[in-house]
Every structure is written in structure tokens, then in C-alpha cells.
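Below is one structure, written out as C-alpha cells, with a few remarks after it.
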There are 2 protein chains.
Amino acid sequence: MKVITQKCEVCSKHPASGFNYGACVCNSCKMFFRRVILRKNITDCENEGVCISKCRPCRFQKCLQAGMTFNPYSPGSDLHNNEVILFAIINNLQHIDNHREKLFNNCLFNGDPSFTEVLGTLNFEEKPPDLNYIYKEWSFIQSITGIDFLMKISFVKKLELPDQIVVIKNIFIQFSIFSIAHSCYTTKLSRLSFPNGSEIPEPNIYGVSDNLRIRIQGRLLARLIELKVSKQEFLLVSVLLLCDPCTPNLSDHGKILITSQQKYYASALLQHCLINYQSSGPSRFTDLLFLHQAISSTIDDLKAHYQLCQLYQASNWLHTKKIFLCID
Amino acid sequence: MKVITQKCEVCSKHPASGFNYGACVCNSCKMFFRRVILRKNITDCENEGVCISKCRPCRFQKCLQAGMTFNPYSPGSDLHNNEVILFAIINNLQHIDNHREKLFNNCLFNGDPSFTEVLGTLNFEEKPPDLNYIYKEWSFIQSITGIDFLMKISFVKKLELPDQIVVIKNIFIQFSIFSIAHSCYTTKLSRLSFPNGSEIPEPNIYGVSDNLRIRIQGRLLARLIELKVSKQEFLLVSVLLLCDPCTPNLSDHGKILITSQQKYYASALLQHCLINYQSSGPSRFTDLLFLHQAISSTIDDLKAHYQLCQLYQASNWLHTKKIFLCID
DNA sequence: TCGCAGAACATGTTCTGGT
DNA sequence: TACCAGAACATGTTCTGCG
Ligand SMILES: [Zn+2]
Ligand SMILES: [Zn+2]
Ligand SMILES: [Zn+2]
Ligand SMILES: [Zn+2]
């Protein structure tokens with residue numbers, strides 16, 4: 001008699017039995033979600049990224065992505081159970097990021113894909129141990145692995161293709177910078193630089209003000225050091241960078257999805273802050289969100305720096321990769 | 001790596017995982033069987049006879065039919081568990097027979113099907129309460145419901161069609177007589193007769209020896225009374241009548257199947273006797289099997305009687321139904 | 001090494017009760 | 001009455017141990 005003949009949002013195998021735990025899912029998936037939460041047996045997908053989504057961990061991720069939440073009547077255990085969800089969300093991000101790091105450190109990417117091409121599968125190759133990247137290559141592999149990471153964040157695939165391009169294009173440089181900065185913070189470096197030690201931006205270009213370079217190298221990193229931004233916080237903030245409903249040229253559908261995801265990840269970050277910082281959780285949350293400003297300023301400086309470099313030493317900046325030129 | 005790519009004998013949905021509990025079945029069916037036995041939760045099929053065989057009780061019957069047995073290592077409980085199986089076998093027969101009785105008492109069957117037609121679905125109709133059968137009609141409904149009963153014994157469907165005809169044709173009269181006799185025994189009648197009281201065979205036909213009639217009316221019934229044959233025994237013996245590997249014109253395949261079924265039901269009957277008669281179980285078993293002789297003799301007498309009647313009163317025996325004339 | 005019984009675990013379906 | 005959380009039950013899959 002029900003109008004809901006919809007397929008389950010998670011398994012799409014059974015018809016949804018109704019609105020269970022906050023999403024339109026079938027009974028099996030409802031019970032599955034419940035059991036994972038209660039038994040707290042969250043594991044990681046074996047083949048991160050290339051899974052057919054039929055495995056347990058991926059099924060659970062789909063539940064989370066569908067927006068399922070667990071609010072048992074029994075008061076008190078409430079927070080505890082939602083911590084499980086939070087943990088799972090972060091854990092998932094952590095895995096995708098571990099994969100990114102692996103690619104960044106051990107692989108190379110041949111070619112010069114446009115944005116449309118980037119949306120397909122990216123084929124990384126093993127990097128010979130004796131190969132040394134030059135600066136340009138570092139920044140390219142940093143960005144391309146960053147894009148790969150962003151593409152793997154689950155809700156991105158739910159966007160229509162043009163929206164995917166728009167969103168990724170809007171954010172990948174910010175993420176690259178944020179990511180390299182956090183990695184430098186983790187390894188206790190005081191200036192932005194690639195793993196081989198070459199500083200960002202490329203030094204010693206005649207005519208470019210040292211002031212600009214110092215700002216680029218220091219501002220964001222200093223803030224990360226000051227706040228002692230954890231990896232988990234870094235990841236959540238990264239996803240929130242992506243969740244910008246004001247991204248230009250976004251379709252209506254995209255806007256709705258991005259908005260819901262922003263709400264979702266924002267409350268996850270807030271919860272995380274509350275758990276780790278108790279009463280000062282909200283202010284921590286604010287600090288983290290405002291990292292966005294430091295990132296944006298750094299990008300602005302980088303752009304200025306780039307233009308100056310073009311001005312003074314054009315030849316060195318030839319063959320800029322398409323993604324940096326924002327070519328679709 | 002296994003050669004066994006066979007389908008499960010019970011569900012034929014999964015491949016058989018091996019030889020489990022005595023039959024080639026899949027793992028699910030293995031566990032299903034195990035659980036039914038252990039929990040002893042045997043129930044009856046809702047729509048006896050016309051079930052798609054997907055329901056629990058039918059699945060369990062299929063297990064039994066596939067020859068599955070339960071012999072747990074733990075000594076002592078052995079017999080107990082096999083009693084569960086025995087109970088289930090008898091219970092199933094009981095149900096089919098209850099259905100037969102219902103048809104026999106409350107329904108009528110229009111038409112004069114040949115044996116080939118009888119193998120399809122038999123369409124019984126509600127009998128108006130004010131309708132009174134004449135003798136011929138009683139014997140027809142008795143036989144046709146008997147055939148319906150026999151067809152529903154599970155292994156019959158496993159026979160090839162010609163074998164089904166051969167087997168049923170060979171036995172349906174014996175079963176009819178046996179059945180009516182046991183029913184008379186149950187209702188404490190001393191002479192074979194139909195529910196309306198009309199005696200078997202039809203009395204008062206001029207020229208037929210009373211001796212013959214008395215033998216027909218009494219011999220089998222007397223034996224049933226003497227032995228106090230229970231309904232359960234009646235049912236098992238009935239199936240064993242059917243399990244005659246020497247049935248003429250049986251195919252090789254049919255012979256093999258019938259032989260295995262004979263072994264199966266014979267050991268069930270023996271077990272039943274042992275449980276109820278302990279040390280005199282085997283002799284009880286023998287007595288029951290020898291009921292076959294009384295049935296056969298009665299049939300012989302009936303045939304003689306029939307021929308005599310034809311001789312003296314031909315008109316009365318016109319329009320004999322096809323099944324009695326053994327018309328395929 | 002293999003095959004199977006049984007335990008343990010995972011998943012799916014139906015029932016129950018509160019709102 | 002309809003809806004849904006959770007309990008209870010039923011089914012299916014994988015692991016373990018033994019001969
Ligand atoms: Zn589902
Ligand atoms: Zn997976
Ligand atoms: Zn099976
Ligand atoms: Zn059934």
C-alpha cells in the first residue's frame with residue numbers, strides 16, 4: 001500500500017522499508033547499520049578506492065553517506081554511540097589520505113590530463129627509487145594525488161559530472177597547499193617544502209620580494225603549529241573546504257547536496273572538537289574553520305608570486321600543466 | 001577444486017557443498033536440517049499438496065526425501081533425534097491423508113478421467129449436503145481420492161510419468177480397500193461399508209455366493225481389529241504397498257527409486273514398531289507387512305465377485321469408470 | 001590433505017510495542 | 001492507523017577441529 005517503491009539507498013537491492021535511522025533504506029541495511037554501531041566492529045575496506053562497494057566496510061560507509069545516525073532512546077549512551085560514527089567517518093578519510101600519501105611518495109604520473117580526464121581513473125606508475133623530481137614535478141604530483149583524494153570522498157561521486165569538475169577545480173589548490181602544510185607541520189619543518197627539501201615557492205628568483213615568499217612559507221604553517229592541528233582535524237577541515245555551497249557554477253542539485261554534506265561534516269567536526277576540547281570545543285571548531293582564511297591568503301600570495309615569476313622569468317614557467325591552467 | 005558442481009538436492013539454488021547428513025546438499029540446507037532436528041520445530045505446510053515447496057515444512061520434507069539423517073556423535077541421544085525424523089515422516093503422511101478424508105467426505109468429482117489425465121491436477125468440487133451417493137459413486141470417489149493421496153506421496157513425483165501410471169495403477173485398488181477397511185475399523189464397524197452405511201460389496205445380488213461376500217466384508221477388517229492397527233501404522237504400510245520394486249513394466253530408474261524408498265519407509269516402520277513394541281517390535285513389523293496378504297486376497301475375492309455380478313446382472317455394471325478398467 | 005560436523009559469526013525477516 | 005526502533009527469530013557463511 002506504500003507509495004515508497006524506492007530502492008534502498010544503501011544496497012539498492014531491496015526496496016526501502018521506510019525512513020530508518022534517518023535514511024530511506026531497506027530492513028536489512030537498517031539492521032546492518034544498527035549492528036555495526038552496537039558491536040562497534042568497524043573495519044577498513046581491503047581494496048580502498050577500487051572496491052565494488054559490496055564489502056562490509058564499504059556498506060557501512062554507504063550508510064553513513066546516506067546520512068544514517070544512531071540515536072537510541074536510552075539516554076547517556078547517546079554520545080558514545082555517535083562517537084562510533086564519528087570514528088568511522090574519520091577513519092575512512094584517514095584511509096583515503098594514507099593512500100594519497102603513498103601515491104605522492106612512491107608514484108609518478110605521466111601525462112597532462114585536462115579536468116575532464118582527471119575525473120576518470122588516474123593511472124599512477126611506480127616511481128623508480130633513483131628518480132628525483134624537480135620542483136614543478138613535485139607540485140604536479142602533489143596536486144594530482146590531491147585531486148585523486150578529493151575524488152574519493154564519497155559524496156563527490158554523487159555529484160553530476162559538471163559539478164564534480166566545478167567543485168574539484170575550485171578547491172584542489174587549496175587542498176594541495178593545506179595538505180603540504182600539514183605534512184610539514186607533522187614533520188616539524190618550519191617552512192613549506194616538498195619531501196626532498198625544496199622550498200615552496202621556488203626560491204632565488206630574481207626580482208621577487210622576499211616578503212612574499214616568507215608569507216607563503218610561514219603563515220599557514222605557523223597557524224597549524226600554533227593550533228597543533230591533528231591529522232583528524234586536518235582531514236575534516238579538508239572535506240569542509242570541498243563543501244562550499246557557494247562554489248561558482250554549481251547546479252541546483254549540486255548546491256543541495258553540498259549543503260547537506262557541509263552540515264554533515266561540520267557537525268562531525270564540532271562533535272570531534274567537543275569530545276577533545278570539552279567546553280572550549282566550540283572555539284576550537286571556530287579556529288579550525290578559520291584556517292580557511294590562512295589557506296586562501298596563502299593562495300593569493302602564491303598567485304601573486306606566480307605572476308611575478310612569469311613576469312621576470314617567463315621561460316621557466318612554460319609547460320604549465322593543464323590542471324593549473326584550469327583547462328577543462 | 002571439487003568435481004561436485006552438482007546442485008543441492010533440496011533447494012537446487014546453491015551448489016551442493018558436499019555429502020552432508022547423507023545427501024548432496026548445500027551448506028544452507030545442511031544447517032537448516034540440523035536446526036529443525038535440534039529444535040524439533042516441525043510444522044505442517046499451510047497449503048498441503050499445492051505448495052511451491054518453498055515453505056519451511058516442505059523444505060524439511062525435501063530433506064527427508066533426499067534421505068538426510070541425523071546421527072550426532074553424542075551417544076544416547078541418537079534414537080531420540082531420529083524419532084524426530086520418524087515423527088515428521090508420519091506427520092506428513094497424516095496430513096495428506098487428512099486431506100484425502102476431507103475430499104472423500106465433502107467433495108464430488110465429475111468426469112471419467114483416464115489414468116494419464118488423473119496424473120494432472122484433480123479438480124474436486126464441493127458436494128451439496130443433500131446429495132446422496134449411490135454405491136458406484138462411493139467406490140469411485142473412494143478410489144479417486146485414494147489416487148490423489150498416492151500421487152501426493154513425495155517420491156511419486158520423482159518417477160517418470162509412465163512409471164507413475166504403472167505404480168499407481170498397480171496399487172490404487174489395494175489402497176482403496178485398505179483405506180476403507182481401516183476407516184471401518186476406526187469407527188468400530190464390523191463389516192466393510194461406506195460412510196452412508198452401504199456395505200461392500202453391494203449386497204443382494206442374486207446368484208452370488210454369500211460366502212464370498214462375507215470373506216470380502218470380514219477378512220481384512222478382522223485382521224485390523226485383531227492387530228489394533230493404528231492410523232500411523234496404516235499410513236506407513238500404505239506407502240509400503242506403493243513401494244513394490246516388482247511392479248510390472250517399471251523402468252530401471254523407477255525400480256531403483258522404488259527400491260530405495262522401500263528401504264526408507266520399511267526402516268521407518270520398523271523403527272516405529274520398535275519404539276512402540278520394544279522387543280516384540282520386529283514381530284509387529286512382520287504382522288503389519290503381512291496385511292498385504294489380506295488385502296490381496298480381498299481384492300481377488302472382489303474381482304471374482306465383480307465378474308459374477310457382471311454375469312448375473314450386466315446392466316447394473318455398465319458405465320464402469322475408466323480407472324477401474326485400467327484405461328490409460 | 002580432505003571432507004564433514006558443529007561452532008561461531010553475519011545477515012535477513014517477522015513480530016511487538018510505543019507513539 | 002501508520003510508522004519505526006528494537007527484539008526475536010530464521011537463515012546463510014565462514015571457521016575450527018577431528019578423523
Ligand atoms: Zn538495503
Ligand atoms: Zn570495500
Ligand atoms: Zn540447498
Ligand atoms: Zn509447503
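Because the structure is a prediction, the values reported are computed rather than measured. Residue numbers start from 1 in every chain, and the chains themselves are labelled A, B, ... in the order their sequence lines are given, proteins ahead of strands.
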Does [X] have a side-chain nitrogen or oxygen under 4.0 Å from the phosphate oxygens OP1 or OP2 of [N]?
X	N	result
Ser28(B)	dT13(D)	yes
Arg34(B)	dG6(C)	yes
Arg59(B)	dG12(D)	yes

Please verify the inter-ring angle class for Phe175(A) with Phe149(A); under 30° counts as parallel, over 60° as perpendicular, anything in between as tilted.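 The rings of Phe175(A) and Phe149(A) lie parallel, inter-plane angle below 30°.
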
Given [options], identify the nucleotide with an atom nearest to the side chain of [X].
X	options	result
Phe32(B)	dG6(D), dT11(D), dT13(C)	dT11(D)
Lys13(B)	dG6(C), dA7(D), dG12(D)	dG12(D)
Arg56(B)	dA10(D), dA7(C), dT11(C)	dA10(D)

Atom-to-atom span, [atom1] of [X] to [atom2] of [N] - whole angstrom:
X	N	atom1	atom2	result
Asn20(A)	dG12(C)	CG	P	14 Å
Lys30(B)	dG3(C)	NZ	P	13 Å
Arg35(B)	dC9(C)	CZ	P	14 Å
Asn27(A)	dC9(D)	CG	C1'	13 Å
Leu38(A)	dA8(D)	CG	C1'	15 Å
Phe60(A)	dA10(C)	CZ	C1'	16 Å
Phe33(A)	dG6(D)	CZ	C1'	14 Å
Met31(A)	dC4(D)	CE	P	15 Å

Between the side chains of His99(B) and Lys152(B), is a donor N or O closer than 3.5 angstrom to an acceptor N or O?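 Judged by distance alone, the side chains do pair up.
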
Indicate whether the side chain of His272(B) and that of Glu233(B) have a donor and an acceptor atom separated by less than 3.5 Å.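 Glu233(B) and His272(B) do not have a side-chain donor-acceptor pair below 3.5 Å.
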
How many angstroms lie between atom CZ of Arg34(A) and atom CZ of Phe70(A), to the nearest 0.5 angstrom?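 It comes to 4.5 Å.
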
Heavy-atom donor-acceptor pair, Asn20(A) side chain to Lys30(A) backbone, under 3.5 Å: no

